[in-house]
K.L.:
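Would you mind keeping the following structure in view while I ask a few things?
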Amino acid sequence: MSIRLENISKTFGQFQALSPLSLNIDEGEMIGLLGPSGSGKTTLLRIIAGLEGADSGRIQFGERDVTNLHVRDRHVGFVFQNYALFRHMTVADNVAFGLEVMDAKQRPNKTEIQRRVKHLLEMVQLGHLANRYPSQLSGGQKQRIALARALATKPDVLLLDEPFGALDAKVRKELRRWLRSLHDEIGFTSVFVTHDQEEALELSDRVVVMSNGHIEQVDEPAQLYAQPNSRFVFDFLGNVNVFDGKLEQSRLNNEQAWITAPSSDVPLSNGQLYIRSHELALHNQATSVANLPLKVVAVNPIGPEVRVELEPYEWQSEQIWEADLSHAEYDRNPVKRGEIVFAEPKNAYFFREGCQQAPEQVSWDKAPQTAHVK
Ligand SMILES: Nc1ncnc2c1ncn2[C@@H]1O[C@H](COP(=O)(O)OP(=O)(O)OP(=O)(O)O)[C@@H](O)[C@H]1O
């Protein structure tokens, strides 16, 4: 079932929680609503569900205008972060609940309900736990049961509010994969809320990035990562170092530090270079590309990479910088805490000073890599 949102807005008292926003979701799509706390994700999800009314705008499910329909008539499934299972009911009864409370006209007969519950429990791979009570389940198992329960009535749309938020990292990852494959198998349309960028990028067909009640960007994960259209999206996707420079003699300068104009057609001006942590190399001296002295404050081998945390040395940045090196790169030059090293960018995004437009991609990849003598 496709979903069409047109000019949806919402205020709570004086506070504008959602500015008028529009969004089209295709049938069978999985959409992640991503944004910081308070950006309006849950409010938007609740408005789609019919748990909250919008102040303005129109909502359509397929050809159906559902703007003024009550939640029970919208035919949505809902999964919350905190499971919301009925404690006094067995797993099987929890899953059957939505079917048992249907109008007599629509309600399947007892045998059909039993058959559907069995099938759903098999689908979420928990058939063997049918007679347990929620208190006898792990967090991950409870959330699978919550999902089976939400799918029991064959909803047109499945809405999930931070479904894995309360689970530990490993279980989250497992459930993410499992939800994605279930989604692909059944083909329901789903919208889920998260503030975890990894979760959004891994699960979604398209990600909707929200801030302050409006949509910043809607894109497929790879596109969002390759072409973030604002500083906000860039910052929110994480692991980026910002060099704030003034243009002088084809260099961007920041006190003692500088980066040369990159080998691209982009005419530089004052502005900020956003450099992802894996786009930095570390040297023992400045190069012809950059003089970016940094003091090593921590070295963390994390999985396939070594993350080096760096503090700007004799220049200004509001943040600690991070460089993600491969183990091979790190082994060639094993920097130590307290050492001064020189970073060199390979690729970056350039935001012109005072300009709100999408950044320009710049690269030093073809620049000569010879060491610069200070
Ligand atoms: N019932 C309410 N009454 C007053 N203000 C509300 C109400 N519900 C939400 N808000 C406010 O609206 C804004 C958006 O809230 P919402 O829960 O949609 O954000 P969110 O992006 O889902 O945040 P989080 O990730 O923390 O859940 C917040 O500033 C919140 O305080």
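Note that the structure is predicted; figures quoted are calculated from it, not measured. Counting starts at 1 for both ligands and their atoms, in listed order.
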K.L.:
Among all residues two or more places apart in sequence or in another chain, which pass the salt bridge (charged side-chain N to carboxylate O under 4.0 Å, His left out) test with Lys173?
P.N.:
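If we apply the salt bridge (charged side-chain N to carboxylate O under 4.0 Å, His left out) test to Lys173, skipping adjacent residues, the hits are Glu198.
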K.L.:
Under the side-chain contact (heavy atoms from CB on, under 4.5 Å) test against Met210, which residue among Val207, Val208, Asn212 passes?
P.N.:
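The side-chain contact (heavy atoms from CB on, under 4.5 Å) with Met210 is passed solely by Val208 among Val207, Val208, Asn212.
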K.L.:
So for atom CZ, which belongs to Arg176, do other residues, nucleotides or ligands contribute more than 12 heavy atoms lying within a distance under 6.0 Å?
P.N.:
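Yes, CZ of Arg176 has more than 12 neighbouring heavy atoms, counting only those of other groups under 6.0 Å.
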K.L.:
For the residue pair Arg64 and Leu69, what are the closest heavy atoms and their distance?
P.N.:
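So the two residues come closest at NH1-CD1, 3.8 Å.
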K.L.:
For Lys295 and Glu339: C-alpha separation, side-chain torsions, deciding distance, then whether salt bridge (Lys or Arg N to Asp or Glu O under 4.0 Å) applies.
P.N.:
CA-CA 6 Å; Lys295 185 172 181 179; Glu339 250 178 69; over 6 Å; no
K.L.:
Tell me which one of Val362, Val289, Leu273 satisfies side-chain contact (heavy atoms from CB on, under 4.5 Å) with Pro345.
P.N.:
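Considering Val362, Val289, Leu273, a side-chain contact (heavy atoms from CB on, under 4.5 Å) with Pro345 is found only for Val289.
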K.L.:
With a 4.0 Å heavy-atom cut-off, what residues sit around ligand 1?
P.N.:
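The 4.0 Å shell around ligand 1 contains Phe12, Phe15, Ala17, Pro36, Ser37, Gly38, Ser39, Gly40, Lys41, Thr42, Thr43, Glu162.
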